[in-house]
*Asks:* 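The structure's right below; bear with me while I get my questions together.
Order of listing sets the numbers, starting from 1, for every ligand and every atom in it. Source: prediction; values computed, not measured.
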Amino acid sequence: MGNRKGFRNELSLRLAGRQRFQVILLGLQQFSDINRRFGHQLGDAFLYETARQLEHLFPKGRVFRFGNVEFALLLPYPDDDGAARLQTIRDRFEKPLTLGTDQAVLTVRLADLLCAGEHWTVGRLLEALEYSLDLARKGDGEPVRFQGQAAQMLQRRKDLVSLMRQSLQERRFRVWYQPVWNTAADAFTSAEALLRLSTPEGEPISPAEFIPLAEESGLINDLSWLVLEEVCRLLSGGTVSALESVSINLSMQQFLDPDLVPRLRRCLETYALSPTQLKIEITERVAAQDIGRTAAVMDQLSGMGIHFYLDDFGTGWSNLSCALDLPFQCVKLDHSLLSAYPASPRSRQLIHGLVALFHELDVAVVAEGVETQAQADALGGCGVDWLQGYHLARPMPEEALVTFLNTAEKEALPRV
Ligand code: C2E
Ligand code: CA
Ligand code: CA
């Protein structure tokens, strides 16, 4: 079986000769479960068996080890559309592989690409294949072919990464702020900083789309420092003195960055801020990456007086033990928890139970995505500490925030 280098060489020969071929990538899902169950030696044997099965299914093909748990299969250009070959692989891997007395069903994900002699470079072809396998891995088990939609999506990602690079250089990212209502103080005393990006034509791009891409492409560091700097500048300017604090969102990479703590310290010093003015929001996905390290960084920053919010509680990424084991001062209930609230009795039970539990543990609660007066009333009634949502205030640029905080009349605000 060839390796990745062999695969590249083979591809470049075929591309140079303008040959027609089909490439199929096979990725194994959750292979660590197999290693855990059988041990690494037998795990490796299952990998070799996977390759052997592919060779057996397609005697005219060539199999390469593409990654740790990924294989590439180079095949002659199909007579039909090549989909039958994908089905053949799926059928085979629905049945267990057998090694001596051991049997395992491996979960496979498939991606493929048909090259009919078009002009590709090896790099672009590998990028297309890897992207398609990535989509297949995130999908529901259907193979992903690199054409049409997948090709457009990859192009959009590439365009977006270059837009982000350019926007960073030209300082075109903006930080917006969503005021957060403090139910005890009956006032907006906090805000969350949220990044904003638009195309040169002014079309806004959702952070839900560009943040994950910034994380993958390594741009998130620059973006996070930009937000930190902006927030510190805003807080030190005296224009938003109604705000006791502003929270920023940090991704995984910042936590693993050894520069995080000194950087935060420097920023607070430069702008003469109290550490309590800055709050940090992280999701459990960030925290769970490396619990030991996260705990150490959080302890260090908590020691300095910076507090943490556990973001998006109630989505797939959160569990109670994370909230309990790490020094979070506050938990943010995700807006998905509010979808049937307060109309549904179950939803009321859930929210009120969670609020009581967190308060018992001395953890404050923010409800996110408050969209109606009924929600605000019910949440305020059950003792939620902070409310955030379109019903109270939308995210807004800095100038609008200043006006909002300085001119907002109490009567004009929703009564909570
Ligand atoms: P998040 O941290 O959960 O931020 C709250 C999101 O909820 C914001 O979306 C906000 O506009 C939206 N939202 C606020 N009130 C309501 C409401 O009443 N209803 C609904 N449906 N949504 C509401 P946004 O600004 O689009 O940001 C999306 C996500 O992008 C954020 O979710 C956060 O995970 C990420 N993000 C934004 N800025 C940054 C940043 O500077 N750094 C990092 N690492 N992530 C960021
Ligand atoms: Ca957040
Ligand atoms: Ca959130």
Side-chain angles (χ1 to χ4, degrees), residues 160 164 167-168 173-181 188 190-198 203-232 234 245-257 260 264 267 278-287 289 307-318 322-323 328-341 365-376 379 384 386-398 400-401 414 416:
L160 208 51
M164 284 196 286
S167 303
L168 260 169
F173 274 98
R174 291 285 167 266
V175 180
W176 282 26
Y177 299 89
Q178 183 173 31
V180 180
W181 181 262
F188 290 102
S190 186
E192 176 174 8
L194 296 160
L195 261 173
R196 290 292 177 264
L197 172 66
S198 305
E203 184 204 333
I205 299 170
S206 163
E209 185 179 6
F210 72 75
I211 294 284
L213 211 52
E215 289 173 350
E216 280 171 42
S217 56
L219 292 170
I220 192 68
N221 248 335
D222 287 347
L223 289 180
S224 302
W225 303 145
L226 178 153
V227 174
L228 175 66
E229 195 77 33
E230 275 293 291
V231 166
C232 289
L234 172 71
S245 65
V246 172
S247 58
I248 61 170
N249 294 281
L250 287 189
S251 299
M252 208 127 51
Q253 276 107 318
Q254 279 73 56
F255 255 88
L256 304 180
D257 188 341
L260 173 69
L264 283 169
C267 237
L278 196 64
K279 311 257 192 255
I280 293 177
E281 301 193 3
I282 57 173
T283 62
E284 198 221 6
R285 190 158 56 111
V286 173
Q289 186 75 352
H307 289 143
F308 287 88
Y309 287 15
L310 178 57
D311 205 354
D312 299 346
F313 186 88
T315 60
W317 290 112
S318 50
C322 182
F328 286 106
Q329 193 216 17
C330 192
V331 162
K332 298 188 81 167
L333 303 183
D334 189 69
H335 66 84
S336 58
L337 290 178
L338 291 190
S339 58
Y341 185 87
V365 178
V366 184
E368 279 195 287
V370 180
E371 291 184 349
T372 66
Q373 182 66 45
Q375 287 177 337
L379 290 163
V384 167
W386 304 87
L387 302 179
Q388 180 177 358
Y390 294 163
H391 181 67
L392 297 120
R394 286 186 175 253
M396 55 187 87
E398 180 179 327
L401 176 77
V416 175

*Asks:* Of all the atoms in ligand 1, which lie at a distance below 4.0 Å from a heavy atom belonging to Val227?
*Replies:*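 Once the distances to Val227 are compared, the set is 41 (O).
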*Asks:* Is the Ca ion (ligand 2) under 3.0 Å from any N, O or S atom of Glu368?
*Replies:*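 Given the 3.0 Å cut-off, Glu368 does not count as a ligand of the Ca ion (ligand 2).
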*Asks:* Looking at Gly389, which atoms of ligand 1 are within less than 4.0 Å of one of its heavy atoms?
*Replies:*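 It comes down to these atoms of ligand 1: 15 (N), 18 (O).
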*Asks:* Between ligand 1 and Glu192, can you find any atom pair, the residue atom being a heavy atom, that is separated by under 4.0 Å?
*Replies:*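 Checking ligand 1 against Glu192, which is what was asked, there is a heavy-atom contact under 4.0 Å.
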*Asks:* I want to check something: taking the side chain as every heavy atom from C-beta on, are Leu401 and Trp176 in contact at a cut-off of under 4.5 Å?
*Replies:*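 Contact flag for Leu401/Trp176 side chains = no.
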*Asks:* For residues Tyr390 and His335, determine if any side-chain heavy atom of one lies less than 4.5 Å from a side-chain heavy atom of the other.
*Replies:*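 No, every pair of side-chain atoms sits at 4.5 Å or beyond.
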*Asks:* Quick one: does Met396's side chain get under 4.5 Å of Pro179's, heavy atoms only?
*Replies:*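 They are in contact (side-chain heavy atoms under 4.5 Å apart), so the answer is yes.
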*Asks:* Among protein heavy atoms, which lies nearest atom 3 (O) of ligand 1, and at what distance?
*Replies:*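 Looking at atom 3 (O) of ligand 1, the protein heavy atom closest to it is Asp312 OD1, 3.2 Å.
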*Asks:* So, of the N/O/S atoms that Asp312 has, which is the nearest one to the Ca ion (ligand 3)?
*Replies:*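 Relative to the Ca ion (ligand 3), the closest nitrogen, oxygen or sulfur of Asp312 carries the name OD1.
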*Asks:* I need the Glu281 CD to Asn249 CG distance, nearest 0.5 Å.
*Replies:*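 Between atom CD of Glu281 and atom CG of Asn249 there are 4.5 Å.
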*Asks:* Measuring to protein heavy atoms, does anything land under 4.0 Å from atom 11 (O) of ligand 1?
*Replies:*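 It does: a protein heavy atom is found less than 4.0 Å away from atom 11 (O) of ligand 1.
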*Asks:* From the options Pro207, Ser336, Ser247, Ala367, select the one whose nearest heavy atom is closest to atom 29 (C) of ligand 1.
*Replies:*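 Nearest option to atom 29 (C) of ligand 1, by heavy atoms: Pro207.
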*Asks:* Give yes if a backbone or side-chain nitrogen or oxygen of Leu195 is under 3.5 Å from a nitrogen or oxygen of ligand 1, and no if not.
*Replies:*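 Between Leu195 and ligand 1 (N or O atoms, distance only) the closest approach is under 3.5 Å.
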*Asks:* As a test of understanding, state which of Gln254, Gln253, Glu229 forms a side-chain hydrogen bond (donor to acceptor under 3.5 Å, both in side chains) with Ser224.
*Replies:*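 One option only clears the test, and that one is Gln254.
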*Asks:* Would you name the N/O/S atom of Glu281 that lies closest to the Ca ion (ligand 2)?
*Replies:*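 The Ca ion (ligand 2) is closest to the Glu281 atom OE1, counting only N, O or S.
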*Asks:* Give the residue and atom name of whichever protein heavy atom lies nearest to atom 18 (O) of ligand 1, and the separation in Å to one decimal.
*Replies:*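 That would be Tyr390 N, 2.8 Å.
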*Asks:* Would you call the rings of Phe255 and Phe308 parallel, tilted or perpendicular if under 30° counts as parallel and over 60° as perpendicular?
*Replies:*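 It falls in the tilted class, 30° to 60°.
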*Asks:* So, does Gln375 use its side chain to make a donor-acceptor pair with the main chain of Tyr341 at under 3.5 Å?
*Replies:*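 Yes: the side chain of Gln375 pairs with the backbone of Tyr341.
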*Asks:* Quick check on the Ca ion (ligand 3): does Asp334 put an N/O/S atom closer than 3.0 Å to it?
*Replies:*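 Here the distance criterion (N, O or S atom, under 3.0 Å) is not met by Asp334, so no.
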*Asks:* List every atom of ligand 1 that sits less than 4.0 Å from any heavy atom of Val370, numbering the atoms from 1 in the order shown and giving each element.
*Replies:*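 Every atom of ligand 1 under 4.0 Å from some heavy atom of Val370: 18 (O).
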*Asks:* Could you tell me if the side chain of Glu215 sits less than 4.5 Å from the side chain of Met252, heavy atoms only?
*Replies:*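 Not touching, per the 4.5 Å side-chain cut-off.
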*Asks:* Hey, could you give me the CG/CG distance between Asp334 and Asp311, rounded to the nearest 0.5 Å?
*Replies:*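 Asp334 atom CG to Asp311 atom CG measures 8.0 Å (nearest 0.5 Å).
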*Asks:* Looking only at distances, please establish whether an N/O atom of ligand 1 is found under 3.5 Å from an N/O atom of Asn249.
*Replies:*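 Among all N and O atoms of Asn249, at least one is under 3.5 Å from an N or O of ligand 1.
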*Asks:* Can you tell me the protein heavy atom closest to atom 44 (N) of ligand 1 and the distance?
*Replies:*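 I find the closest protein heavy atom is Ser251 OG, 2.8 Å.
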*Asks:* Suppose you place the vertex at the Ca ion (ligand 2); what is the angle out to Glu192 OE2 and Asn249 OD1, to 10°?
*Replies:*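 An angle of 90° at the metal.
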*Asks:* When you measure from the heavy atoms of Gln178 to every atom of ligand 1, does any distance fall below 4.0 Å?
*Replies:*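 Heavy atoms of Gln178 do come under 4.0 Å of ligand 1.
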*Asks:* Minimum distance, heavy atoms only, to atom 2 (O) of ligand 1: which one of Ile248, Ile220, Asp311 is it?
*Replies:*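 Considering heavy atoms of Ile248, Ile220, Asp311, the nearest to atom 2 (O) of ligand 1 sits in Asp311.
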*Asks:* Working to the nearest 0.5 Å, report the span between CG of Leu392 and CD of Glu371.
*Replies:*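 Reported value, rounded in 0.5 Å steps: 10.5 Å.
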*Asks:* Would you say the side chain of Leu379 lies within less than 4.5 Å of the side chain of Trp181, judging by non-hydrogen atoms?
*Replies:*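 A side-chain contact is absent here, since even the closest heavy-atom pair is not under 4.5 Å.
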*Asks:* Determine if the distance from atom 7 (O) of ligand 1 to the closest protein heavy atom is below 4.0 Å.
*Replies:*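 Neighbour list for atom 7 (O) of ligand 1 is empty of protein heavy atoms (cut-off 4.0 Å).
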*Asks:* Work out which heavy atom in Gly369 is nearest to a heavy atom in Leu338; give both atom names and the distance.
*Replies:*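 Minimum heavy-atom separation between Gly369 and Leu338: O-CD1, 3.8 Å.
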*Asks:* Please indicate whether any nitrogen or oxygen in Ser206 is less than 3.5 Å from any nitrogen or oxygen in ligand 1.
*Replies:*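 In fact, backbone or side chain, Ser206 has no N or O that close.
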*Asks:* Using every non-hydrogen atom in the two residues, find where Leu228 and Ile248 come nearest and quote the distance to one decimal.
*Replies:*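 Shortest heavy-atom separation between Leu228 and Ile248 comes out as CD1-CD1, 3.9 Å.
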*Asks:* Please state which part of Leu194 comes within less than 4.0 Å of ligand 1, counting heavy atoms only: side chain, backbone, both or neither.
*Replies:*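 Both backbone and side chain of Leu194 come within 4.0 Å of ligand 1.
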*Asks:* How about atom 42 (N) of ligand 1: does it have a protein heavy atom within less than 4.0 Å?
*Replies:*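 True for atom 42 (N) of ligand 1.
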*Asks:* Less than 4.5 Å apart, side chain to side chain, heavy atoms only: is that true for Leu250 and Leu260?
*Replies:*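 A side-chain contact under 4.5 Å exists here.
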*Asks:* Does His335 reach ligand 1 with a nitrogen or oxygen that is under 3.5 Å from one of the ligand's nitrogen or oxygen atoms?
*Replies:*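 No; every N/O pair is 3.5 Å or more apart.
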*Asks:* Return the closest protein heavy atom for atom 5 (C) of ligand 1 as residue, atom name and distance.
*Replies:*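 Sorting protein heavy atoms by distance from atom 5 (C) of ligand 1 puts Glu368 OE2, 3.6 Å first.
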*Asks:* Looking at Pro395, which atoms of ligand 1 are within less than 4.0 Å of one of its heavy atoms?
*Replies:*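 Near Pro395, meaning under 4.0 Å from one of its heavy atoms, ligand 1 has 11 (O).
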*Asks:* Under a 4.0 angstrom heavy-atom cut-off, which atoms of ligand 1 come close to Glu371?
*Replies:*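 Taking each heavy atom of Glu371 in turn, ligand 1 has 17 (C), 18 (O), 19 (N), 20 (C), 21 (N) under 4.0 Å.
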*Asks:* Do you know which N/O/S atom name in Asp311 is closest to the Ca ion (ligand 3)?
*Replies:*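 That would be atom OD1.
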*Asks:* Where is the tightest heavy-atom contact between Leu197 and Ser167, given as atom of each residue plus distance?
*Replies:*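 Scanning both residues completely, I find the closest heavy atoms to be CD1-OG, 3.4 Å.
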*Asks:* Show the nearest heavy-atom pair for residues Gly314 and Leu337, with the distance to one decimal.
*Replies:*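 Nearest pair, atom of Gly314 first, then Leu337: CA-CD1, 4.1 Å.
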*Asks:* Mind checking whether Phe173 and Phe210 have side chains closer than 4.5 Å, heavy atoms only?
*Replies:*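 The answer is yes; the side chains approach within 4.5 Å.
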*Asks:* Where does Arg196 meet ligand 1, judged by heavy-atom distances below 4.0 Å: at the side chain, the backbone, both, or neither?
*Replies:*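 Near ligand 1, Arg196 shows its side chain, while the N, CA, C and O stay back.
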*Asks:* Which residue supplies the protein heavy atom nearest to atom 36 (N) of ligand 1, what is that atom called, and how far is it?
*Replies:*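 Here the nearest protein heavy atom works out to Ile211 CG1, 3.8 Å.
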